[in-house]
Amino acid sequence: MGAAAYSGRVLVLAIDTATPAVTTGLVHLDTDGAPGTLAQQITVDPRAHGELLTPHIKATLAEADTELGQLDAIVVGAGPGPFTGLRVGMVTAAALGHALGCPVHPVATLDAIAHDVFAAAPAEPLLVATDARRREIYWARYDETGARVDGPHVERPADVTARGLEVERAAGHGAELYADVLGLHLIPPPFPSPEGLVGVAADALRSGAEPAPLTPLYLRRPDAVEPGARKRVTQP
Amino acid sequence: MSANAAAIVLGIETSCDETGVGVVRMRADGHVELLADEVASSVDEHARFGGVVPEVASRAHLEAMVPTVQRAMTVANVKESDVDAVAVTAGPGLAGALLVGVAAAKAYATAWGVPLYGVNHLSAHVAVDTLEHGPLPGPALALLVSGGHSSLLEVDDLAGPVTQLGATIDDAAGEAFDKIARVLGLPFPGGPYIDRAAREGDPEAIAFPRGLTGPRDPAYDFSFAGLKTAVARWVENEERVGRSIPVADVAASFQEAVADVLTAKTVRAARDKGVDQLVIGGGVAANSRLRSMAEQRCADAGIHLRVPRPKLCTDNGAMVAALGSHLLAANVPESSLDIPANPGLFVSEIVMP
């Protein structure tokens with residue numbers, strides 16, 4: 001597969017594990033128009049991504065009476081998100097893509113949330129924020145056309161506010177958690193939806209473009225410090 | 001699989017800093033053949049930290065996972081439709097690192113429509129020996145010594161229960177090698193460097209203590225923390241009086257102490273249990289002094305010693321595939337697709353339900 005353009009309807013498996021929600025959906029994408037969800041499984045449990053994801057994929061496909069072999073493509077949220085959960089979705093998508101011989105398109109999870117907002121209520125700038133733990137948020141800013149103009153970043157909510165962003169509304173679970181600090185009008189959705197994920201990749205899916213590399217958006221370096229001098233066991 | 005056909009199993013290992021993917025074929029006669037053993041290691045990325053950094057290892061596993069599976073399948077010359085089961089290390093190990101392999105294994109098993117086995121890393125270290133020395137003829141002891149583990153196990157059957165007779169009460173043996181390497185100014189990981197330095201040294205130059213060998217100490221448990229402190233104290237005292245450190249002698253004497261305790265306790269356990277087969281595995285099994293001392297003491301005690309070649313002793317996917325093939329052949333029920341990665345998986349649980 002790869003460069004061939006699709007014709008007619010394509011079937012896409014959407015996966016995201018970059019937020020507390022374990023999200024899977026089977027989505028159809030036609031030559032034009034918005035993507036439509038045929039079946040989905042979404043469970044909010046930040047501690048069970050590894051356990052739930054593959055069973056969710058199986059249940060989603062079973063509900064739509066579809067086999068894995070019928071998939072034309074996979075779209076996966078590439079974060080930013082807490083590392084351990086994020087990797088579950090990324091490696092599952094990569095392995096499925098390899099095993100099934102179908103392309104895997106990474107999309108920014110924040111963009112998928114923005115996509116849902118602009119599909120429902122366009123024409124105003126937007127801040128999207130998800131929970132980065134350690135009292136920080138992953139965030140990005142979108143202009144009135146829905147284009148990402150800032151981010152993704154990871155910062156404390158107060159530092160985001162201090163930037164004086166010209167935006168009045170915010171979506172995402174992180175925006176909910178820190179609504180009092182951000183002081184923005186809060187709108188849904190808190191988590192990415194299957195059609196939002198596929199919507200972000202719609203142009204690439206329709207044109208048969210080569211997928212971007214599956215690079216997770218970590219935004220933070222690993223916590224590791226080089227050791228100093230060895231501690232002595234005797235008094236000098 | 002039918003009981004008489006050959007079966008191909010793909011194994012995935014990500015419990016520490018090696019992304020390992022192995023492919024084995026179990027023949028109808030019970031012999032397991034190694035078809036591929038591909039390993040991508042992130043060890044160089046950890047060296048400057050003096051130990052494995054879990055997040056660095058986990059990131060490397062994600063990057064390496066699919067390319068390593070692709071390489072292993074190419075080397076093994078197997079197609080997706082040839083694979084009869086996928087096995088993966090479910091624990092023990094680093095939580096975030098294990099999860100990358102477990103998630104990938106679930107995806108492959110689901111896409112290929114084959115059973116998943118979430119297996120115990122320690123049992124896999126025992127099972128790998130069948131790739132080199134054929135089926136275990138009967139009950140065996142296994143001494144597993146690595147940077148993360150030091151365990152003495154009793155194994156009746158590779159697909160059956162494992163009993164832990166003893167384990168380290170503090171540092172793992174490999175950890176002690178890393179720490180002493182640091183004391184001596186040798187690089188990480190310490191094992192190969194100490195082994196090399198020791199070749200020029202006198203193993204009896206310094207009498208370092210043998211931990212937990214007193215008459216009232218637990219017979220089969222190990223302790224290396226006291227030895228580590230004793231070596232550091234000896235080195236610091238020499239430095240204080242202005243003498244240069246005889247690195248080769250310290251390395252040889254330290255290595256001698258580790259090998260002595262490991263082999264003495266293991267041979268004693270074999271005698272106590274009436275078992276005449278011993279498998280040694282794990283990264284420390286690559287140590288030349290441990291190998292030679294084990295050979296001699298086993299020969300003296302009439303124990304048949306099995307030590308796989310070093311590449312199979314360190315963490316790899318072939319050992320996981322080997323264990324998976326024994327489970328498949330024994331018709332052990334497959335693991336559920338909702339198993340977690342289990343960093344503390346106890347050794348008696350060889351496969352997760």
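Proteins come first, then strands; the chains are lettered A, B, ... in the order of their sequence lines, and each starts at number 1. These numbers were taken from a predicted model, which means no experiment stands behind them.
What you find for B/Ala104 and A/Ala95 is that their closest heavy atoms are O-CB, 3.9 Å. Of all heavy-atom pairs spanning B/Ala111 and A/Leu100, the tightest one is CB-CD2, 3.9 Å.
Residue A/Glu67 places its CD atom among 12 or fewer non-hydrogen atoms of other residues, nucleotides or ligands, all under 6.0 Å distant. With a 6.0 Å radius and a threshold of 12 heavy atoms from other residues, nucleotides or ligands, A/Arg133 has its CZ atom at or below the threshold. Atom CZ of A/Arg135 sits in a sparse spot, with 12 or fewer heavy atoms from other residues, nucleotides or ligands closer than 6.0 Å. Atom CZ of A/Arg47 sits in a sparse spot, with 12 or fewer heavy atoms from other residues, nucleotides or ligands closer than 6.0 Å. Within a 6.0 Å radius of CZ in A/Arg148, other residues, nucleotides and ligands contribute more than 12 heavy atoms.
Counting only distance, with no hydrogens or angles, the side chain of B/Glu236 and the backbone of A/Val233 share a donor-acceptor pair below 3.5 Å. Side chain of A/Glu51 to main chain of B/Ile339: no donor-acceptor pair is present (N/O by atom type, distance under 3.5 Å, no hydrogens or angles).
For B/Val53, the part lying under 4.5 angstrom from a heavy atom of chain A is the side chain only. Heavy atoms closer than 4.5 Å to chain B are found in both the backbone and the side chain of A/Thr84. B/Val183 touches chain A through backbone and side chain together, each having a heavy atom under 4.5 Å away. Of the atoms belonging to B/Ala232, heavy atoms from both backbone and side chain fall under 4.5 Å from chain A. Of the two parts of B/Arg233, the backbone and the side chain both hold a non-hydrogen atom closer than 4.5 Å to a non-hydrogen atom of chain A.
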B/Leu99 and A/His49: CA distance, side-chain angles, deciding distance, side-chain contact (heavy atoms from CB on, under 4.5 Å) verdict: CA-CA 10 Å; B/Leu99 190 52; A/His49 290 28; 6.0 Å; no
Going through the distances and angles, do A/His98 and B/Met65 end up as a side-chain contact (heavy atoms from CB on, under 4.5 Å)? CA-CA 11 Å; A/His98 169 217; B/Met65 181 52 62; over 6 Å; no
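Applying the side-chain contact (heavy atoms from CB on, under 4.5 Å) test between B/Thr110 and each of A/Leu68, A/Leu61, A/Ile57 identifies A/Leu68 as the sole match.
A/Leu96 CG to B/Trp112 CH2: the interatomic distance, rounded to the nearest 0.5 Å, is 11.0 Å. With rounding to the nearest 0.5 Å, the separation of CD in A/Glu226 from CZ in B/Arg48 is 4.5 Å. In this structure, the separation between CZ on B/Arg59 and OH on A/Tyr218 is 5.5 Å, given to the nearest 0.5 Å.
Across A/Val91, A/Leu53, A/Leu214, the residue that shares the most heavy-atom pairs under 4.5 angstrom with chain B is A/Val91. Looking only at heavy-atom pairs under 4.5 Å with chain A, the residue among B/Gly96, B/Pro54, B/Ser58 that has the most is B/Ser58.
At a threshold of 4.5 Å between non-hydrogen side-chain atoms, the residues B/His61 and A/Arg87 do not count as touching. A 4.5 Å side-chain heavy-atom check between A/Met90 and B/Glu63 finds every atom pair outside the cut-off. Looking at A/Pro216 and B/Leu62, their side chains come closer than 4.5 Å, going by heavy atoms from C-beta outward. For the pair A/Thr92 and B/Lys106, the minimum side-chain heavy-atom distance is 4.5 Å or more.
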